[in-house]
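By convention in this document, chain letters (A, B, ...) are assigned in the order of the sequence lines, proteins followed by strands, and residues within each chain are numbered from 1.
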Amino acid sequence: MSTVFASREQLKRQILAEGRQYSRGVPVSIRQVSIALGGRTVLKDFDVEIPSCEFVAVVGRSGCGKSTLLRSIIGLETLQEGAISIGRNAQSRPDVRIMFQDSRLLPWKRVLQNVALGLDSSFTPQAERVLAQVGLADRAHDWPATLSGGQRQRVALARALVHDPSLLLLDEPLGALDALTRIEMQELIEKIWWNRGFTAVLVTHDVAEAITLADRVILIEGGGVALDLFVDLPRPRARGSARFAAMEDRILQRVLQHRASAIDEAKARVNGNEEVR
Amino acid sequence: MSAGAMVDVPRGRTLASGNGIANIAERALPWLVPIALLIVWQWASSTGRLPSRFLPSPRAILKSFVELRSSGELWTHVRVSTERALSGFAVGGGLGLILGLLTGSFRWVETLLDTTLQMIRNIPALALIPLVILWFGIDESAKLFLVALGVFFPIYINTFHGIQSVDRGLLEMGRSYGLSRWALYREVILPGALPSILVGVRFSLGFMWVMLIVAETISARSGIGYMTMNAREFMQTDVMVVGILLYALLGKLADLLSKGLERYWLRWHPAHQSAR
Ligand SMILES: Nc1ncnc2c1ncn2[C@@H]1O[C@H](COP(=O)(O)OP(=O)(O)OP(=O)(O)O)[C@@H](O)[C@H]1O
Ligand SMILES: [Mg+2]
């Protein structure tokens, strides 16, 4: 990215001065949500308010319910309790797009047609442009079956980015990519989000990625919010900086702490059993 | 994809393709046994060991084929039989496809019809022949009915199954990308069910010829079956063998055609990718 963003507020003022529409983002409000899957509680009293245009990263161990959270936001899961609302009022039907954890390309459509899914043909140039941005312009007319896993993931990313949603949900969009491509794609996501100003929720395993991209990092543990951290580093963020490292360390410590306590609990259980014997 | 196993996987050449002689030998090898059989057969016929009222010699068969062709008789019979097969296939296959699409797509149609259709499926189609003759006489409609019946079930069942087993993840994806009901059907459900439907088509082509042969053998005034049965009255074994070979040829053609359709419509399928 060429511009150095001092703060989001500064950019907002600048864009407003240029007369552009600052944002199309919508707020998301998740209130006291509980979800059970296959008889097991996955989310319990989950409570998060996301203001419009915010970039939220969701981290947590595998199986903690990150995908379930995203799926519930677009209404693919039944809530046992609580409510989720998107947008400022109930009447508005905001445009929401999700990139699923598995790429879910239609195998019978060529790469470009997959990217342009649900758009009419006037959007084809735009689809081509985004496909080029994810580095796959030369594969536009191939079948998805001929792509590698990481390439499929990038096609799915392009498909999510070509739309102009007010809320974009990304479920581990870069999980299958090498370190270098990953950094390029992070820059792309940040740039597009910055220019369009939608609300974004990104699920990731990579704490550094979360801190690089997000305004706010949420750690899920035991079905609830274990940590809710604002990242007040100026963009673009340098991974090497001391504050970056401190923040990364803090989140990792919190994750490990949970593991430590889980081990302690297990030990206590074992000891307890021994005492009974 | 549930029907994945039924899709032809192009096999790579096993022998080194650079070696000319090995290549020719490999191509010739499969024909060795059939040619040897033909030679033995011809030899047995011409030495009188194989009586021609039992099985005519290959040369006699070839001769009668040429005669039938030049008199125009052959063409007429082939055309009539092909027309019967195709119209029966269109009626039975069309109905199977439509009903399969309906029961696969709408819960209530499935509840309404599926049990009935499954019960009817258990009746062997050939067991209906006495009734069919009673209903339709030895009319064209009897043959049409039998062929359509034979074709209906393989297509119906595979269409139904294909629609039911469309990847739910892709459906979710399609809906969340704003596809309307019809667009979802056209872009996701139908292409997803297509491999299975084509498997049904291939099965049904087999049934199509069986039913046609039976129907034409029982009663007909034209067609390959008629030609064969007529030849039996006059002990023309050569014509009978020509008829049998014609059925085999038409069956093979139909199979090639359906494979061609598969190769075109399923060219996106991973099983068809290794050719590139
Ligand atoms: N359809 C389902 N039926 C029953 N249980 C499910 C179902 N889907 C998910 N689960 C369970 O819900 C829990 C949360 O799953 P989820 O997919 O949200 O995890 P995740 O945080 O996205 O994990 P990962 O990082 O590995 O993708 C898991 O324990 C999983 O086993
Ligand atoms: Mg997940």
dist A:Leu76:CG -> B:Arg168:CZ (nearest 0.5 Å) comes out at 11.0 Å
dist A:Arg97:CZ -> B:Met173:CE (nearest 0.5 Å) comes out at 11.0 Å
query: Quick one: what part of B:Arg175 sits under 4.5 Å from any heavy atom of chain A, side chain, backbone, both or neither?
result: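 Contact with chain A involves no heavy atom of B:Arg175 at all.
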Between [X] and [Y], what is the shortest heavy-atom contact and its length?
X	Y	value
A:Phe100	B:Glu172	CE2-OE1, 3.8 Å
B:Tyr177	A:Leu117	CB-CD2, 4.2 Å
B:Glu187	A:Leu106	O-CD1, 3.9 Å

Q.
With a sphere of 6.0 Å drawn around CD1 of B:Ile123, does it hold more than 12 non-hydrogen atoms of other residues, nucleotides or ligands?
A. yes
If you tally heavy-atom pairs under 4.5 Å between each of B:Ser180, B:Ala183, B:Ser176, B:Gly174 and chain A, the highest tally belongs to B:Ser176
Note to self: Please rank B:Leu179, B:Leu170, B:Asp167 by heavy-atom pairs under 4.5 Å with chain A and give me the top one.
What the structure shows: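 Highest number of pairs under 4.5 Å: B:Leu170.
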Applying a strict 4.5 Å limit to non-hydrogen atoms, the region of A:Arg159 in contact with chain B is both
What part of A:Leu105 gets closer than 4.5 Å to chain B, counting heavy atoms only: side chain, backbone, both or neither?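 Answer is backbone: N, CA, C or O of A:Leu105 sit under 4.5 Å from chain B.
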- Query: Hey, is the main chain of B:His269 close enough, under 3.5 Å, to the side chain of A:Trp108 for a donor-acceptor pair?
  - Reply: no
